[in-house]
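Quick notes on the structure that follows.
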There are 2 protein chains.
Amino acid sequence: MSSDGNSVNIENSKRPYHHGDLRAALLKAGLDLLETQSAEGLSLREVARQVGVSPTAVYRHFPNKQSLLYALCKHGADGLYEAQAAAMKAAGGGPAGFAATGQAYVRYALANPALFRLLMTTKPPAEMLNPDETYVYAAMDLLRRNVAALLSPDASPDIRKAAVTLAWSQVHGMAMLMLDGQLPADEKLISAIGRGAPF
Amino acid sequence: MSSDGNSVNIENSKRPYHHGDLRAALLKAGLDLLETQSAEGLSLREVARQVGVSPTAVYRHFPNKQSLLYALCKHGADGLYEAQAAAMKAAGGGPAGFAATGQAYVRYALANPALFRLLMTTKPPAEMLNPDETYVYAAMDLLRRNVAALLSPDASPDIRKAAVTLAWSQVHGMAMLMLDGQLPADEKLISAIGRGAPF
DNA sequence: AGGACATGTTTTCACTGTAAACATTTTTCC
DNA sequence: GGAAAAATGTTTACAGTGAAAACATGTCCT
């Protein structure tokens with residue numbers, strides 16, 4: 001007994017030389033740290049420290065810091081999409097669903113300030129210049145379909161594009177201004193989204 | 001002759017121990033650097049180097065790096081306000097003027113990407129929590145007056161506040177998304193601002 | 001003239017990202 | 001099974017950063 005050589009090793013008090021799944025642990029540590037810090041203040045060494053590993057061990061799983069941040073962005077984008085999709089489902093689709101996705105966008109930003117800001121202010125890496133590979137693609141596509149459903153069927157592509165842009169801009173701007181302390185994070189303002197604003 | 005002791009000394013080949021107006025020179029250097037770099041990449045030492053002064057000389061004029069950045073923000077905010085005011089004047093006020101200020105906001109952001117982002121993502125220092133001391137106050141107040149002029153006179157304060165918020169959010173979101181590479185910096189999109197969007 | 005003060009410099013420290021060389025464990029192949 | 005190869009970790013090292021402390025030099029006021 002006790003001579004197994006299975007992949008991950010948690011029980012043993014003696015920490016094994018190999019971590020088991022360091023990459024995942026680093027990502028988790030990064031996300032944890034972003035709950036209490038801004039992304040600028042996040043250092044590779046701090047992430048490594050959190051996991052209990054030497055600073056340069058990170059480089060076995062990410063070529064550089066940027067790369068770690070990209071992975072965190074990806075995670076955040078997935079979370080954003082799920083939050084929006086859930087909100088739309090809960091609202092039952094239609095115009096109400098559309099408004100709900102917009103509000104979910106802002107609420108997700110407020111709930112995950114550092115991650116959201118990182119996600120949005122990180123220019124996508126050169127190799128994903130293709131717009132349908134951006135990490136926010138899923139969320140954007142949801143918005144696009146919503147706008148399409150609301151516009152009259154004979155609206156021109158230009159009109160559609162402008163509508164998508166303006167809708168995204170509005171929720172994104174509100175999220176950013178609230179995160180940056182330029183607007184109060186007021187629930188009343190959030191719920192004004194999608195209710196036929198005067199502009 | 002030649003024994004004058006005037007304040008600033010530029011001609012002499014021998015650089016005097018005292019710079020003359022180091023504070024202004026540092027700010028100028030900071031602004032110059034922001035034309036080609038992002039604010040995160042801006043280092044105190046680089047600013048000092050640009051001016052030709054020792055790294056720690058900066059601390060005689062700014063208590064820390066943040067403080068230098070605040071000053072740059074202030075400058076950027078003034079520029080933003082002036083750009084908007086000029087645009088409104090050129091458009092002759094009214095609804096067209098309102099649309100023009102919104103478009104000017106986005107165009108200023110695109111013309112001064114690093115400075116604008118710094119300005120907007122820098123949380124105002126604690127001592128100016130008072131909203132009418134924010135460095136964007138002038139620009140915001142212009143917007144507020146514009147919105148007031150467009151709404152029916154009996155609109156409630158809540159409606160007014162929501163209208164201001166949504167308008168600001170829209171232009172700010174577009175500016176940010178374009179700066180961050182999430183939206184193309186397309187003039188056609190910018191000119192869609194204020195033309196009675198479907199939302 | 002001389003002392004107070006402002007403003008600049010040198011030195012120093014802790015921290016960062018990352019490259020290079022080395023150590024240890026796991027995997028692969030005969 | 002056992003050795004060679006690959007993967008994954010550590011140690012060491014380096015240049016760059018923001019900032020504190022001690023020191024130098026110039027300006028200004030009485």
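Residue numbers start from 1 in every chain, and the chains themselves are labelled A, B, ... in the order their sequence lines are given, proteins ahead of strands.
- When rounded to the nearest whole Å, the span between CG of A:L26 and P of C:dG17 equals 13 Å.
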Can you give me every donor-acceptor pair (side chain of residues 55-65 of chain B, partner residue at least two apart or in another chain, under 3.5 Å) with its distance?
| from | atom 1 | to | atom 2 | distance (Å) |
| --- | --- | --- | --- | --- |
| B:N64 | OD1 | B:Q66 | N | 3.4 |
| B:N64 | OD1 | B:S67 | N | 3.0 |
| B:K65 | NZ | B:L42 | O | 2.8 |

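- Between C:dA6 and B:H61, no contact under 4.0 Å exists linking OP1 or OP2 to a side-chain N or O.
- Residue B:R60 contributes atom CZ, which lies 10 Å from atom C1' of D:dA22 at whole-angstrom precision.
- Protein atom CG of A:D21 is 16 Å distant from nucleotide atom P of D:dA7, rounded to whole Å.
- No option in B:V171, B:L189, B:I193, B:L183 other than B:L183 meets the side-chain contact (heavy atoms from CB on, under 4.5 Å) test with A:S169.
- In this view, B:E46 satisfies the salt bridge (charged side-chain N to carboxylate O under 4.0 Å, His left out) rule with no residue, not counting sequence neighbours.
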Legend entry - Contact pattern, 5' to 3', of nucleotides 14-20 of chain D - B, S or - by protein heavy atom under 4.0 Å: ---BBBB
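- Rounded to whole angstrom, the span from the CG atom of B:L22 across to the C1' atom of D:dG26 amounts to 14 Å.
- Following rounding to the nearest Å, A:L69 (CG) and C:dT16 (P) show an atom-to-atom distance of 14 Å.
- With sequence neighbours left out, the side-chain contact (heavy atoms from CB on, under 4.5 Å) criterion links B:M140 to B:V136, B:L143, B:R144, B:V164, B:W168.
- To the nearest angstrom, C1' of C:dT16 lies 15 Å from CD of A:E40.
- Residues that satisfy the side-chain contact (heavy atoms from CB on, under 4.5 Å) test with B:K28, not counting sequence neighbours, are B:D32.
- Residue pairs meeting the side-chain hydrogen bond (donor to acceptor under 3.5 Å, both in side chains) criterion with at least one member in residues 78-99 of chain B, sequence neighbours excluded, are B:K74-B:D78.
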